[in-house]
Amino acid sequence: MSPSYPTSAFIGGRWIPGEITFPVINPATGDIVGRVADLTPDDVRDAIDSAAAALPAWSARTAYDRAAILHRWGALILADQEPLARLMTAEQGKPLAEARGEVAFGVSFLDWFAEEAKRAYGDVIPPTMASKRYLTLRQAAGVAAAITPWNFPIAMLARKAGAALAAGCTLVVKPAEETPLCALALAKLAEAAGVPPGVFNVVTTSDPQGAGLALCESPTVRVLSFTGSTEVGKLLYRQCAGTVKRLALELGGNAPVLVFDDADLDQAVEGVIAAKFRNAGQTCVCANRIFVQAGIHESFTRRLAERTAALAVGVGDKDGVAVGPLINAEAIAKVERLVSDAVASGARALTGGSRHARGGLFYAPTVLTGVTQAMEIFQAEIFGPVAALIQFETEAEAIRMANAVAVGLAGYVFTRDIGRMFRVVEALDCGIVAVNDGLPSVAAAPFGGMKESGLGREGGHQGLEEYLDTKYVCIGAA
Ligand code: NAP
């Protein structure tokens with residue numbers, strides 16, 4: 001890890017070493033990457049107070065002022081792209097090329113929202129009475145809180161911080177326990193960019209329940225933006241009821257991929273490789289269930305298995321590595337259980353199917369055929385490098401199976417038939433649909449799910465809405 005990045009938490013512009021610390025482990029090697037401050041719920045309440053104290057001045061600045069600071073922050077992050085990527089690979093495990101890409105992706109949110117806030121227009125509404133005038137103002141919603149996951153330690157944080165700060169909110173971030181170092185590195189660069197004290201706070205802790213309760217129960221926090229599992233999202237939803245907080249929930253997915261007979265096979269195989277094996281299969285939009293039409297099932301499966309078997313598995317900072325380790329022992333045990341349950345129920349591993357020969361937290365990239373709706377792997381979010389293939393005959397059958405889960409984040413369709421494309425896009429219960437493409441996420445487009453995948457959207461012009469209140473003003477006696 002770069003010695004110049006902090007390990008203390010960041011509250012009100014002060015670096016807080018904490019009375020105790022917790023270790024951050026490199027999942028590829030088991031080495032300790034660093035030790036960070038282990039804060040208490042009282043510290044979280046201090047951070048909320050700091051954010052509240054900073055709110056009036058920050059929200060009163062013009063969107064242009066805030067944008068200048070956000071752009072400066074983004075430029076400093078980009079200038080540190082290489083050390084930040086190495087830090088991310090060390091604490092998270094993803095290959096360096098992906099980590100570099102994530103740093104740039106994170107910056108794209110700061111830049112996008114910096115500009116978008118300049119267009120947070122209100123309305124002038126034609127009056128219903130000659131003596132009155134009506135208008136609306138868009139104002140910062142107040143103090144916001146963000147709870148972020150380990151799979152994209154910089155991008156998920158920047159996606160929330162960019163929108164919140166651009167809108168004029170101040171923010172308290174609780175990063176994931178596995179990846180707090182990237183969040184603290186961003187705090188250091190925020191300070192250097194001139195983000196005022198208290199506007200951006202990072203509280204690191206090994207007590208997510210205590211920190212979560214402090215954020216949810218605080219009447220000062222008006223917005224909670226969470227990215228993580230559906231299970232924790234539901235808990236936070238309940239905990240926020242008492243203060244009627246606004247919630248943005250980016251939760252789990254179980255992405256279907258529909259590959260039709262008329263698809264361009266090369267494009268479909270490469271699309272599935274990208275959508276499945278990025279970050280070792282640990283993304284919320286990862287292909288989870290791959291439905292392949294009968295006419296191409298054999299050729300598609302063979303090609304996918306060949307490509308999958310050729311993926312280099314290893315420590316992320318080594319050249320050519322495409323698949324790194326899983327995040328922790330629990331994650332690899334879950335993948336192992338899902339695969340052995342599927343194989344015991346009749347699925348077949350064409351490649352992989354077990355832990356990788358390297359040992360540790362490495363799982364072999366796997367292609368499973370003969371998966372059925374009755375298997376747990378069909379219903380669960382795999383979050384590992386396992387492609388689960390299901391054969392289908394008709395379009396209607398594929399759509400029915402694709403929608404037969406409780407979540408609906410991303411979906412993928414491979415077809416060259418334009419009529420089918422529109423039918424399938426419209427029929428899928430997914431907040432994001434990629435057609436003939438494996439990587440749909442960009443700052444300019446709204447990202448979010450249907451059903452139990454969550455509430456609200458991040459990115460796009462919609463992403464700013466989560467942090468703005470609309471105030472209606474009625475003016476009489478005109
Ligand atoms: P997670 O266990 O839900 O953790 C996410 C965050 O919530 C972490 O910061 C975690 O802290 C915190 N947390 C855990 N228990 C909490 C509690 N009781 N109260 C408050 N906070 C709590 O999820 P994960 O395993 O890190 O991430 C994987 C999940 O995130 C997957 O389901 C994935 O699909 C989803 N995800 C969704 C999106 C999206 O945009 N829709 C993007 C990325 C990931 P600790 O680290 O201390 O446990």
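Not measured: the values here are computed from a predicted model. In what follows, every heavy atom counts, from backbone to side chain, and hydrogens, waters and symmetry copies are set aside. Indexing begins at 1, ligand by ligand and atom by atom, following the structure's order.
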Under 3.5 Å, is there a donor on one side chain and an acceptor on the other for E178 and N328?
yes
Atoms of ligand 1 less than 4.0 Å from T148 heavy atoms?
6 (C), 8 (C), 9 (O)
Look at atom 27 (O) of ligand 1 and say which protein heavy atom is nearest, naming residue and atom and giving the distance to 0.1 Å.
P149 CB, 3.7 Å
Give the numbers and elements of all ligand 1 atoms closer than 4.0 Å to a heavy atom of L235.
18 (N)
So if I count the atoms of ligand 1 from 1 in the order they appear, which ones are less than 4.0 Å from some heavy atom of T227?
5 (C), 36 (N), 37 (C), 38 (C), 39 (C), 40 (O), 42 (C), 43 (C), 44 (C)
In the protein, what heavy atom is nearest to atom 35 (C) of ligand 1, and what distance, to one decimal place, separates them?
G228 O, 3.1 Å
Does one side chain, of S206 or D38, offer a donor that lies under 3.5 Å from an acceptor on the other?
yes
Distance under 4.0 Å to a non-hydrogen atom of I147: what atoms of ligand 1 satisfy this?
6 (C), 7 (O), 9 (O), 12 (C), 20 (C), 21 (N)
Between T230 and ligand 1, is there a nitrogen or oxygen pair with a distance under 3.5 Å?
no
Give the residue and atom name of whichever protein heavy atom lies nearest to atom 33 (C) of ligand 1, and the separation in Å to one decimal.
F383 CZ, 3.4 Å
Does any N/O atom on L251 come nearer than 3.5 Å to any N/O atom on ligand 1?
yes
Scanning both residues in full, the closest heavy-atom pair of C169 with A141 reads SG-N, 3.6 Å
Within the 4.0 Å heavy-atom shell around Q209, which atoms of ligand 1 are there?
18 (N)
Can you confirm whether something in the protein, heavy atoms only, sits under 4.0 Å from atom 4 (O) of ligand 1?
no
Which ligand 1 atoms, with their elements, are less than 4.0 angstrom from a heavy-atom of G212?
20 (C)
Side chains of T227 and K160: any donor to acceptor distance under 3.5 Å?
yes
Taking side-chain hydrogen bond (donor to acceptor under 3.5 Å, both in side chains) as the definition, give me every residue that meets it alongside D429, ordered by chain and number, with sequence neighbours left out.
K451
Does ligand 1 come near enough to K174 that some N or O of the ligand is less than 3.5 Å from an N or O of the residue?
yes
Under 4.0 Å from a heavy atom of N151: give me the atoms of ligand 1 that qualify, with their elements.
43 (C), 44 (C)
Provide, to 0.1 Å, the distance between atom 24 (P) of ligand 1 and the closest protein heavy atom, together with that atom's residue and name.
W150 NE1, 3.4 Å
Just by distance, with hydrogens left out, do Y412 and D437 show a side-chain donor and acceptor under 3.5 Å apart?
no
Do any N/O atoms on E177 end up under 3.5 angstrom from N/O atoms on ligand 1?
yes
Quick one: does L236 get within less than 4.0 Å of ligand 1, heavy atoms only?
yes
Nearest protein heavy atom to atom 7 (O) of ligand 1, by residue and atom, and its distance?
F226 CE1, 3.2 Å
Partners of R457 by side-chain hydrogen bond (donor to acceptor under 3.5 Å, both in side chains), sequence neighbours excluded?
none
Hey, does the Lys NZ or Arg CZ of R355 hover above the aromatic six-ring of F362, less than 6.0 Å from the centre and inside 45° of the axis?
no
Would you indicate which of A331, C284, C286 comes nearest to atom 37 (C) of ligand 1 when only heavy atoms are counted?
C284
T7 and R35: side chain donor to acceptor below 3.5 Å
no
Atom 20 (C) of ligand 1 - nearest protein heavy atom and its distance
P208 O, 3.3 Å
Mutual orientation of the aromatic rings belonging to F378 and F291 [parallel < 30°, tilted 30-60°, perpendicular > 60°]:
perpendicular
Looking only at protein heavy atoms, what sits closest to atom 2 (O) of ligand 1 is S229 OG, 4.0 Å
T40 versus D43, side-chain donor and acceptor atoms under 3.5 Å:
yes
Parallel, tilted or perpendicular, as decided by the 30° and 60° cut-offs, for the rings of F109 and F105:
perpendicular
Enumerated ligand 1 atoms positioned under 4.0 Å from heavy atoms of R159:
40 (O)
Nearest-contact summary for atom 15 (N) of ligand 1 - protein heavy atom, Å:
V232 CG2, 3.7 Å
Based purely on interatomic distance, does E381 place a nitrogen or oxygen under 3.5 Å from a nitrogen or oxygen of ligand 1?
yes
Whether K188 and E191 form a salt bridge (side-chain N of Lys/Arg under 4.0 Å from carboxylate O of Asp/Glu) is what I want to check.
no
Return yes if a side-chain donor-acceptor contact under 3.5 Å exists between D31 and N26, otherwise no.
no
For the aromatic rings, using the six-membered ring if either is Trp, is the centroid distance between W15 and Y5 under 6.0 Å?
no
Is the shortest distance from a heavy atom of F152 to ligand 1 less than 4.0 Å?
no
